[in-house]
Each structure stands twice: as structure tokens, then as C-alpha cells.
There are 2 protein chains.
Amino acid sequence: MTSPTLSDVARAAGVSYATADRVINNRGNVADKSIAKVREAVTSLGYVRNVAAANLSRGRIYRLAFLIPRGSNAFFNRIRQHIDHAAAHHVSERVTAEVIEVAAFAVEGLQDSISALLERDFDGVAIVGLQSAALEAPLAELRAKGVAVVGLVSDLPRAARAAYIGIDNIAAGRTAGRMVGLAHGGQGGQVQTFAGSLDARDHAERLTGFREVLNADFPQVTVLDPIMTKDDAQVLQAQTQEVLTQQGLTALYNVGAGNSGLIAALRGGQGTRPFCVVHELVAHSRQALMERQIDLVIDQRPDVEINRAFTVLRALIDAKDLPPMPELVPTIYVRDNLPADALTDQMKAQDT
Amino acid sequence: MTSPTLSDVARAAGVSYATADRVINNRGNVADKSIAKVREAVTSLGYVRNVAAANLSRGRIYRLAFLIPRGSNAFFNRIRQHIDHAAAHHVSERVTAEVIEVAAFAVEGLQDSISALLERDFDGVAIVGLQSAALEAPLAELRAKGVAVVGLVSDLPRAARAAYIGIDNIAAGRTAGRMVGLAHGGQGGQVQTFAGSLDARDHAERLTGFREVLNADFPQVTVLDPIMTKDDAQVLQAQTQEVLTQQGLTALYNVGAGNSGLIAALRGGQGTRPFCVVHELVAHSRQALMERQIDLVIDQRPDVEINRAFTVLRALIDAKDLPPMPELVPTIYVRDNLPADALTDQMKAQDT
DNA sequence: CTGAAAGCGCTTACAG
DNA sequence: CTGAAAGCGCTTACAG
């Protein structure tokens with residue numbers, strides 16, 4: 001009834017507990033004959049290692065760090081909340097997480113923050129990264145020290161991290177494109193796009209995906225070149241106001257941040273407004289959805305991302321195989337399938 | 001550095017380990033003075049109970065059962081896979097899960113299966129339920145034995161279970177309605193609906209939500225009364241073929257199962273087809289999405305549901321507070337945000 | 001009302 | 001190459 005333990009395996013194999021342990025954990029220094037006997041006992045008994053007991057005996061603790069852009073960006077605030085929440089949830093598993101704020105979107109600042117990590121005793125770090133060769137050297141040093149490194153939300157140079165945890169931004173853009181296309185109901189139209197900066201890879205990729213779908217499947221809808229906003233709400237507000245006076249505009253799509261400005265402009269507008277799609281469910285985009293200033297939010301589920309970051313970092317630290325990692329997929333929100341509210345929304349990652 | 005243990009608390013409070021344990025776990029039989037001292041030590045030291053160690057020492061095992069409708073329904077096959085997967089993932093936490101198949105949608109069969117559970121030693125069961133007073137007596141007996149009971153996907157009588165784990169089907173219907181409305185791009189149209197049976201509460205609720213949104217926000221779109229299909233693919237195929245010959249039909253929405261028939265009919269159709277929305281992402285709906293026979297799938301994320309069932313049942317068995325349970329929210333899939341594939345899709349609940 | 005001790009299933013030195 | 005033993009942080013009888 002109750003599952004077999006290592007003692008059962010050792011007894012069945014006719015070896016000592018310690019020897020059975022050695023083959024289970026590949027510690028070496030075991031005679032081939034013993035290995036064979038233990039392996040056999042394991043399969044015939046259906047032995048499964050009790051990870052909780054192993055961690056307890058080993059007294060392991062996992063010290064994690066998250067490098068997140070400083071600033072008042074609503075999305076990253078949400079990320080920070082999820083980290084705190086996940087950390088609280090993991091205390092009993094002996095994992096601690098510290099959020100370290102770094103200068104936003106600045107290669108040098110990030111580089112310095114990574115170097116500073118060398119002085120600290122972390123076991124794993126998740127970094128909201130940038131694509132810059134300048135990060136490679138400090139990251140290599142960090143990993144040489146045995147620290148597990150993953151990219152989060154925005155990737156690091158590929159060779160410099162063990163995994164990337166974030167959505168496929170081309171898919172996100174395609175999803176937005178599909179929705180905008182569908183909303184035209186077979187009629188023609190013009191979509192104004194907005195982006196923070198095309199140096200930001202995620203922005204560029206979303207735009208690419210968006211264009212792909214509209215060009216291929218909705219050729220009667222024209223995609224206008226993006227207005228650059230630096231993710232600044234003021235810029236977005238001014239530009240949106242201006243754009244709303246254009247004739248023939250049927251949709252708006254912002255691949256970046258600064259949506260509070262866009263929403264403010266829409267709130268002030270009169271008459272029918274264009275179909276509006278933005279990214280990331282935060283307080284203001286949520287409210288705008290409910291109050292019908294916008295139609296759709298594409299969300300990357302930061303709760304799921306943070307949860308996965310914890311799982312992946314722990315697996316890396318334990319030098320275990322990485323768990324299967326299906327691509328993270330963008331979630332579509334309309335006013336009818338919104339999660340309960342900001343607070344409970346925080347807790348969602350528990351499931352899923 | 002390392003977190004305080006119960007020994008630390010006991011020492012700081014000047015009591016024995018056992019006494020400290022008694023107050024931590026509210027076992028009673030402790031002098032008020034001791035309670036106060038221990039409480040104080042706990043907060044000043046920041047003690048957190050190590051759940052893993054507690055479970056280990058207690059040698060607890062969790063025997064779970066899942067009562068799932070028998071038959072070849074693709075959705076429930078997916079549910080079964082997720083149960084097996086979650087069970088495999090939980091072996092190291094000493095939880096086992098057994099799937100018990102019951103006669104599909106038959107009150108008496110379900111009633112018998114629940115009674116049969118009394119002979120078995122389960123700690124918790126999740127049941128794909130029905131709304132029937134006939135289930136109340138056997139469920140009460142089961143719970144009197146100390147077995148934790150939750151409704152899964154389709155609820156049990158409210159008083160007869162500790163929790164319900166499934167989506168809000170009105171929200172699911174509303175979401176479908178929003179999408180169908182948007183896809184009309186401001187033009188008028190006619191939607192043909194399909195349902196298995198209006199006795200099935202989930203079907204009725206979806207239809208209600210669907211109508212709500214279209215009547216309120218897209219009054220130019222007419223919702224036709226549902227064609228009853230008994231979730232039978234053959235019926236769906238025949239009915240869809242017939243319906244496709246109608247003039248002015250702009251959309252199709254099936255609240256129930258049997259979609260392989262609907263898809264077959266669409267595949268055989270010629271010319272432009274209506275906008276099509278169905279429920280549940282399974283092999284054939286996924287393929288139909290990719291091959292453009294349908295436009296949208298509303299999914300209830302069985303992986304998330306099963307994961308939550310495990311969590312909730314364990315919490316109930318431990319007589320712990322139930323974890324926060326935000327409403328499960330329907331997920332919208334188009335061809336551009338599909339999860340990687342059926343297999344990896346199985347693993348998604350890990351995050352989530 | 002309080003305490004000492006064995007045991008949960010492992011890992012980690014330590015001694016052969 | 002192999003084994004005996006202490007200890008991880010708890011819970012559970014058992015004895016006062």
C-alpha cells in the first residue's frame with residue numbers, strides 16, 4: 001500500500017542503505033554488480049525518491065534574486081507583487097527571493113547590477129534582460145560561480161543564460177492582429193500602431209507578428225507605420241488625440257506601455273471610437289476594458305511567468321533536468337472573461 | 001541566516017519542544033502563560049512551520065479518486081490524461097489518484113458509483129457532478145466518513161460538496177458572445193446556436209451569457225434558438241449541413257460537445273462560411289482552428305482545473321483553510337495563440 | 001498541563 | 001568499493 005523507501009530497495013537488492021543511495025543518486029564508487037542489483041530492485045519495487053525528505057535532510061536553501069527595471073511601470077509593479085507573493089508561498093520550501101531594481105532599459109546599469117551580484121551569495125537569478133554583448137562577460141563570471149541564470153520577460157544574450165521565461169512576442173502580435181482583423185467583419189480599414197522603441201526586441205516582434213496576420217488574412221485592412229512613444233503616457237495621449245481626428249481610422253494597437261495616456265485620450269474622445277487593443281492587464285487597462293474605452297487586452301500572465309521562474313531556477317540549482325517548458329502563450333482578455341480582481345488575480349499562479 | 005525551527009522557538013520561550021508544538025498546532029492542553037510565551041517567541045524569531053518536514057514525519061498519504069464520465073468524449077479523455085499526469089507529478093508528495101469511470105450523465109449510475117466509494121478508503125474525491133437531489137444522501141454518507149468531496153467541471157448539489165472547481169459558464173457564454181459580436185464589425189447578422197441539452201446546466205448557462213452580450217451590445221445580430229444535439233457528432237453534422245444552406249447566416253456557436261460533426265460539415269461546405277465558435281481545445285478543434293474551419297475555441301483549461309482539484313482536496317484533507325480560489329476564467333484560443341501541442345500542453349498546469 | 005524519545009525518508013561525513 | 005550512524009524539522013504515542 002504505502003510506497004517503498006530506499007531501505008526497501010537496499011534490502012531487496014541485498015546491499016546497504018548507503019550503497020543503494022549511491023546508485024540512486026549516481027554518486028559513483030559502486031561495483032557494477034551492486035548497481036545492477038539496485039536498479040533491478042528499484043524497478044521491481046517501483047521505488048520513487050521522496051524529494052521532500054531529500055531536501056529536508058540536505059538542509060538546502062535557495063536564495064534567488066530578481067533583477068527588475070526600476071520605475072513606476074504598472075506591469076513591473078505587478079511583476080514585483082507576484083514575486084513577493086510567490087516568495088511568501090515558498091518560505092516553507094526554504095526559498096527566498098530578493099527583488100533588485102536596476103536602471104530601466106540601460107545596458108550599463110544592468111551590467112553593473114549583474115557585476116554587483118558577484119559579491120552576494122545567490123543560488124539563482126532571473127533577469128529582465130537586454131540583447132547586448134556587454135552583458136556576456138559579467139554573466140559568464142556569475143555562472144562560473146555556480147549561479148543559475150535565466151532571462152525573464154525580455155531575454156538575455158542566448159548563450160549567457162540557461163533558459164528564457166517569457167512569451168513568444170511574435171505570437172502575441174499575431175494574436176492581436178487576428179483580433180483586429182476579425183473585428184473588421186470583412187470590411188476594410190486602417191490601423192494605427194504605436195511602439196515604445198523598435199530597439200526593444202519585444203516591440204519589434206509584436207509589430208512583425210501583427211503585420212504578418214493582417215497582410216496575409218485581412219489584406220483589406222491597412223497597417224500604418226508605428227508612432228514612436230518611448231512608452232511615455234504623455235506622448236501617447238497627445239499622439240492618440242491627434243490620430244483620432246483622422247478619417248477612416250478603424251483600429252488602434254499599442255505594442256508597448258504607456259497605455260494610461262492612450263486611454264485618457266480615448267476617454268476624452270467623442271462619437272464612435274476605433275477598435276482598440278493594448279498589452280498587459282493592469283489596473284488602468286482593466287478599468288478601460290470594463291468602461292469600454294478599449295476592447296481587448298493581450299496579457300503575458302506575469303503570475304505564470306514568475307511561478308515558472310521559481311520552478312526553473314530551483315531545478316537548475318538542483319542540477320535536475322529542466323521541467324518541460326511549453327511556450328508561454330498570450331492570453332486574450334475582453335470585458336467578459338476578466339479574472340475576479342487585482343488581488344485574487346495575484347493568487348492565480350497557484351493553479352496554473 | 002537559516003530560518004528558526006521549533007527548537008529555537010521552544011528555547012526562546014523557555015518551554016519544551018512538545019509544548020511549543022502544542023501551541024503552534026493548537027492541540028490544546030497548554031497553560032495560557034505558556035501559550036503567550038510561545039506566541040511571543042514565534043513572532044520575535046519569525047518562525048515559519050516547515051510543512052514538508054511536518055508531512056514527512058506524519059507519514060501522511062492522500063488517496064484521491066476522480067469520478068469521470070465514461071466514454072470517448074475528447075474533453076474527458078483530456079481530463080483523464082491530466083489526472084494521470086498530475087498524479088505522476090505528485091507521487092513524491094505521497095498522493096495517489098485513481099480515475100473511476102461512471103455512466104455518462106446518468107443520475108442513477110452516478111449515485112451507485114458514489115455509494116461504491118464508501119467501501120473504498122479514499123481521503124478525497126472529485127466528482128463530475130449533476131444537479132440532483134438523489135445524490136445528496138450518498139454524498140452525505142461519504143462526507144460523514146471524513147472524505148473530502150468537490151464538484152469538478154459540472155457541479156454537485158451545493159450543500160453536498162465542499163467546493164466547486166470549474167469555470168463560470170455564464171462568463172464563458174458571454175465571452176463567446178463578445179467575440180461573435182465583434183466579428184460582425186458593426187454589421188447585422190444571424191447566429192445559429194447548438195446545445196446538447198438544456199437540462200445540462202453548463203449548456204443553459206453558456207447560452208444565457210451568450211444572449212446577454214449580443215442582445216445588450218450587438219442588437220443588430222439575431223440569436224436563433226438552439227438546435228438540440230445531445231452532443232452527438234452525427235446529429236451536429238447533419239444539422240450543420242442543413243443550416244449552412246440558410247440565407248443570411250453569419251455565425252455558428254455550439255455550447256456543447258460533438259464538434260467533430262460540426263467540423264466535418266464545415267469542411268465539406270463551399271464558399272465563405274459563417275464565423276464559428278466552439279468550446280474546449282481538443283485534437284479535432286485544434287486542427288480545425290489551424291485549418292481554418294473554425295475561428296475560435298473557448299477553453300476551460302482542464303489542466304488548471306485538475307491541478308486545482310489536487311490542491312483543494314489536499315487542503316481539505318489536511319483540514320487547512322482553503323487556498324484563495326479566484327473564479328476560473330475561460331481562455332480564448334485563435335490559431336495564433338495555440339499552446340505548443342497536445343503533449344506539452346499536458347504539462348502546462350505546472351505553472352499555472 | 002508538560003516533557004523525553006522514536007521515527008518519517010533522506011543526505012552527509014566518517015570509518016573501514 | 002561498502003557500511004553504520006547522526007541529523008534535517010517535524011508528529012505521535014507514552015509517561016508523568
Side-chain angles (χ1 to χ4, degrees), chain A residues 1-39 41-42 45-62 90-96 317-320, chain B residues 1-39 41-42 45-62 90-96 317-320:
Chain A
M1 194 69 235
T2 167
S3 21
T5 72
L6 234 202
S7 312
D8 300 325
V9 171
R11 196 178 321 116
V15 300
S16 77
Y17 194 102
T19 298
D21 169 71
R22 287 190 183 92
V23 357
I24 294 296
N25 292 295
N26 303 309
R27 303 192 206 277
N29 287 338
V30 187
D32 288 351
K33 214 183 253 176
S34 307
I35 296 186
K37 284 191 293 185
V38 172
R39 290 259 161 79
V42 165
L45 263 54
Y47 170 73
V48 183
R49 183 163 165 278
N50 183 328
V51 187
N55 282 333
L56 174 59
S57 76
R58 167 191 295 148
R60 201 171 195 347
I61 65 171
Y62 302 81
H90 283 264
V91 287
S92 71
E93 289 145 53
R94 314 282 117 167
V95 3
T96 64
I317 292 167
D318 287 339
K320 280 197 303 204
Chain B
M1 193 70 233
T2 167
S3 22
T5 73
L6 233 202
S7 312
D8 300 325
V9 171
R11 196 178 321 118
V15 301
S16 78
Y17 194 102
T19 298
D21 169 71
R22 286 191 182 91
V23 357
I24 295 296
N25 293 294
N26 305 309
R27 304 191 205 276
N29 287 337
V30 186
D32 288 351
K33 212 183 257 178
S34 307
I35 296 186
K37 285 190 293 184
V38 171
R39 290 261 160 79
V42 165
L45 265 53
Y47 170 73
V48 184
R49 183 164 165 278
N50 183 328
V51 187
N55 281 333
L56 175 59
S57 77
R58 168 190 294 146
R60 206 181 190 337
I61 63 171
Y62 303 82
H90 283 264
V91 287
S92 72
E93 290 143 55
R94 314 280 116 166
V95 4
T96 63
I317 293 168
D318 287 339
K320 280 196 304 202

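These figures come from a predicted structure and were not determined experimentally. Values reported hereafter were calculated over all heavy atoms of this structure, with side chains retained and with hydrogens, waters and symmetry mates removed. Residue numbers begin at 1 in each chain, while the letters A, B, ... track the order of the sequences.
In this entry the distance linking NZ of B/Lys37 with C1' of C/dC1 reads 12 Å, nearest Å. The distance from atom CG of A/Leu45 to atom P of C/dG9 is 13 Å, rounded to the nearest whole Å. One interatomic measurement links the two molecules: CG of B/Leu56 to C1' of D/dG7, which rounds to 12 Å at whole-angstrom precision. In this entry the distance linking CZ of A/Arg11 with C1' of C/dG9 reads 13 Å, nearest Å.
Listed by chain and residue number, B/Ala18, B/Thr19 satisfy the side chain to side chain contact (heavy atoms under 4.5 Å, CB included) test with B/Ser16 (two or more places apart in sequence, or in another chain). For A/Arg27, the salt bridge (Lys or Arg N to Asp or Glu O under 4.0 Å) test picks out A/Asp21, with sequence neighbours left out. Listed by chain and residue number, A/Ser34 satisfy the side chain to side chain contact (heavy atoms under 4.5 Å, CB included) test with A/Ala31 (two or more places apart in sequence, or in another chain). By the salt bridge (Lys or Arg N to Asp or Glu O under 4.0 Å) test, B/Arg58 pairs with no residue at all, sequence neighbours left out.
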Criterion side chain to side chain contact (heavy atoms under 4.5 Å, CB included) on B/Arg49 and B/Asn25, from CA distance to verdict: CA-CA 10 Å; B/Arg49 183 164 165 278; B/Asn25 293 294; 3.2 Å; yes

Check against side chain to side chain contact (heavy atoms under 4.5 Å, CB included), B/Leu45 and B/Val9: CA-CA 7 Å; B/Leu45 265 53; B/Val9 171; 4.3 Å; yes

Under 4.0 Å protein heavy-atom contacts per nucleotide of nucleotides 10-16 of chain C, with B for base, S for backbone only and - for none: BBB----

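Consecutive pairing runs in DNA chain C reach the stem threshold at C:1-3 with D:14-16, C:5-12 with D:5-12, C:14-16 with D:1-3, where a stem means at least three Watson-Crick or G-U wobble pairs with distances under 3.5 Å.
Proximity of B/Ser34 to the phosphate of C/dT2: a side-chain N or O atom is located under 4.0 Å from OP1 or OP2. A sub-4.0 Å separation between OP1 or OP2 of C/dG3 and a side-chain N or O of B/Thr19 is present.
Using a 4.5 Å heavy-atom threshold, the side chains of B/Asn50 and B/Thr5 count as separate.
When all heavy atoms of A/Tyr47 and A/Leu6 are compared, the closest pair comes out as CE1-N, 3.5 Å.
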